[in-house]
Colleague: 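Before I ask anything, let me first share the structure, which is written out below as structure tokens.
Reminder, nothing fancy here: chain letters follow the sequence lines and each chain counts from 1.
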Amino acid sequence: MNLEKVVFGFFVLLAATLNFGFFVGDIADARVHNVWELFLAVVVNAIATVLKFDRTQLGAVHLATSLVALLQLLAATSVWIWAVQVSADGLTPTHISSVVSLSGGALLANIVSVVLLVVETASFRRR
Amino acid sequence: MPNPLHLFGFDRRVRARRRRAVPVPTALPRTDAVFLVMRRMRAPFLVVITTFSFCTAGLTFIPGTDGQGNPYRMTAFDAIYQMTMTVTTVGYTEAPYAFSYPQRMWVMMSIFLLVVSWAYALGVFFSLLQEPAFVDAVATQRFRRRVRRLREPLRSSPAMVLPAAPSGAELDERRRRFVVLDNQRSKVETVATEQFAADVPAVEGDCRQPAMLGVAGLDRPTCAGLALTDDDSANLAVVMAVSVLRPGVPVLARCSSHVFQDRMEQFGPEAVINPDDRFGNYLALEMLRPVTHQLLMWLMDNDENHLPAIRNGLGRGRWIVCADGAFGDLVTTDLREAGVEVDLTHPRDGAPRDSGITGFVSGTDDDIVNIALAEQVRLTNPEAHIVVRQKNAANKAVLAYLRVDHVYIATELVAREVLARTLTPVFWRFAELAVAQDEAWAIALRDRLVERLRRRTPDRDLLTLSMADAPGLVHWLSRGMPFTLGDLVRDPGDRSAELPVVPLLLARGDDILITPGSDVPVRVDDQVLLVGSGEGLGPPRGGPALRRRRGVCRYRPRGPHDLGLAHPHRRPPRPSPGRRRLRRPTTRRHPRTRRRPRTRRLPTTRRGGGDRHTDCAGVAGSAPCHPILCFPIAMATRGRVPIAPPSRPHSLSRA
């Protein structure tokens with residue numbers, strides 16, 4: 001068993017699960033979207049992205065998916081911070097729905113990433 | 001007298017197996033500098049991300065108070081803001097309210113943690129920038145980009161070593177582009193100090209790797225390989241890679257042993273030059289045919305020197321060669337083959353004390369010892385012909401004041417031969433044929449050249465009478481009008497005056513006519529090798545003459561008067577749009593030129609191009625107008641080289 005691969009798979013999967021956890025629920029209801037889950041999703045996605053810098057292990061497409069996810073999550077975080085800190089109305093349903101939809105895009109990228117991981121693992125076994 | 005052709009090994013030429021072109025590899029494992037950085041920066045990035053998010057999260061959990069003493073917890077943004085200031089060691093405020101003591105304790109811990117991780121990341125990053133692997137990767141990438149940017153016909157010279165700097169400088173002077181690939185950094189760096197006119201991409205790399213040659217431009221449509229390192233196996237690798245990957249591309253290699261020469265010749269390179277061996281050949285030629293030798297040295301000289309002095313009678317009497325390596329054996333063998341009495345001595349026996357010797361070759365591996373030996377022999381033999389072997393021109397100042405007749409520097413000999421073969425490929429055919437002629441022929445030609453061109457080393461150029469290069473003449477000839485070589489070398493502006501130009505060789509398909517007479521009629525697709533002084537061949541040197549010669553480029557005769565016989569300065573009228581197709585020399589081939597003689601065409605990027613005859617400065621940024629007929633300077637990359645073996649080119653000359 002390769003510890004590096006375990007760590008890699010763990011972070012790729014964790015990034016997707018945290019993202020999913022934040023995403024599920026009514027899109028306009030702030031109570032079912034925990035900001036700490038978003039924070040953790042950003043951090044874990046950043047770690048997953050850095051882990052994918054190793055080009056020999058996985059293709060450039062893999063890195064691209066992570067970059068997309070990270071970008072979307074950062075955009076979601078920015079909207080959240082804007083709503084809480086700057087906006088006069090506070091966190092309105094409009095804000096929270098755009099945060100969640102952005103994280104939904106990131107979720108798609110994360111799913112692609114996981115699919116790539118599974119495909120690679122499967123093709124690795126066949127060899 | 002032995003056959004000089006045999007002496008030079010002109011008759012041993014191996015035809016390589018026919019090969020088909022294959023894709024040239026250009027992927028090098030170490031060229032992706034960015035990925036190298038990213039891979040090495042993974043650990044530092046992970047440390048920074050982890051510590052940063054840990055400290056940020058912690059800060060939001062710790063209770064604090066606002067300005068009025070009410071309980072207040074930092075929002076995520078407050079914490080990120082605070083930690084961003086801390087991680088970059090700026091940290092100048094407590095925002096948004098003054099911290100409570102627990103918060104201060106946490107921030108203090110965060111400072112130590114984050115500053116350490118930040119310093120670690122920066123340290124790794126900057127050490128990575130200094131690392132040789134990264135520096136190499138960046139240099140290779142830059143080299144690759146610069147080679148890609150070369151638009152002109154490229155004479156790629158992979159593995160050109162800088163001891164052969166004369167060839168680099170000469171190539172540059174003739175506006176031929178080249179790249180330098182060497183495995184020694186010091187040699188690559190001298191490219192920067194050489195002050196070349198053109199941008200010369202140079203990189204430190206292993207020319208044994210075919211991918212490295214690919215990066216150096218082997219996959220370009222027009223290139224030639226010059227394998228000039230002093231490492232035989234590296235040169236062999238280049239010959240191998242070029243001939244297998246790009247079968248049509250000429251490759252010239254230097255080598256220093258017969259074993260490697262045989263190995264290289266299996267791949268059918270354009271030439272394998274063993275300088276020590278060739279030196280012996282030239283020395284033997286100088287003894288057997290002093291004037292032929294003098295003529296060839298004069299024409300091949302690249303330093304624009306004057307006609308070299310001649311020494312007769314070198315073949316009579318005794319020679320002594322003092323050498324300790326294979327060099328001595330090679331030279332003595334060559335001299336004995338030439339029928340000269342020669343003794344080989346070892347340098348540990350000291351300088352030969354014999355007097356009355358004809359010549360002395362001081363050929364040990366030590367430059368300084370060679371000079372000392374030569375000086376000792378000079379004392380006892382004031383009249384002897386003394387040759388000193390040197391590795392480079394470092395001792396030039398000393399040698400200039402010693403009475404040394406000839407200094408042999410291997411890299412200079414290689415450079416001379418390489419340039420003679422690459423700048424004007426047909427010129428080498430001339431050299432081969434010249435050696436086969438007799439001494440009277442050489443004397444006659446030398447005297448004629450000196451009379452016409454004076455004693456300065458003439459330039460040489462190859463003129464192809466094709467639609468692309470000489471549209472006017474092709475039109476003229478295709479109508480069955482007579483035109484002789486004598487007409488060709490007359491000034492287009494003043495038909496009664498002859499240009500200071502002498503045709504050395506006329507190539508018509510496989511037939512070669514050496515030193516053709518002025519009454520020989522020319523035909524379409526003939527190639528004429530010309531030597532001449534600058535005003536006859538070279539780019540026009542400004543002034544009113546420039547304008548006049550530019551007019552020659554549009555020169556398309558439609559009758560005797562248009563040929564300049566009656567109205568020398570007449571230019572053809574501007575073609576009206578309706579008649580344009582008929583009049584403008586186009587890239588389309590003339591029907592007669594379709595019947596191509598059996599010649600090999602070197603790979604080419606730009607062909608034809610009638611446009612450039614209306615503005616001749618447009619080719620390679622610097623192509624001059626030919627005073628006779630316009631043709632661009634990068635001739636050899638476009639010109640055809642007759643490939644007839646030297647044994648049967650005389651059908652014209654015998655006729």
Colleague: By a 4.5 Å heavy-atom criterion (distance strictly below it), what part of Leu63(A) contacts chain B: side chain, backbone, both, or neither?
Modeller: side chain

Colleague: Check whether Phe45(B) forms a cation-pi arrangement with Arg42(B) (NZ or CZ under 6.0 Å from the six-membered ring centre, at most 45° off the ring normal).
Modeller: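 No; the conditions do not both hold, so Arg42(B) does not lie above the ring face of Phe45(B).
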
Colleague: Begin from the C-alpha positions of Trp36(A) and Phe61(B) and carry the test ring-ring contact (aromatic ring centres under 6.0 Å, His included) through to its verdict.
Modeller: CA-CA 11 Å; Trp36(A) 286 110; Phe61(B) 285 119; 5.2 Å; yes

Colleague: Using heavy-atom distances under 4.5 Å, tell me whether Ala57(B) contacts chain A through its side chain, its backbone, both, or neither.
Modeller: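 Ala57(B) touches chain A through backbone and side-chain heavy atoms alike.
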
Colleague: For residues Phe54(B) and Trp106(B), establish whether the separation of their ring centroids is below 6.0 Å.
Modeller: yes

Colleague: Are Thr92(A) and Ile96(A) packed together at the side-chain level, in the sense that at least one heavy-atom pair is separated by less than 4.5 angstrom?
Modeller: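 Answer no - side chains too far apart.
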
Colleague: Counting only non-hydrogen atoms closer than 4.5 Å, does Ile47(A) touch chain B with its backbone (N, CA, C, O), its side chain (CB onward), both, or neither?
Modeller: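 Contact with chain B: backbone and side chain both.
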
Colleague: With respect to chain A, which residue among Thr60(B), Asp78(B), Ile80(B) yields the maximal number of heavy-atom pairs within a distance under 4.5 Å?
Modeller: Thr60(B)

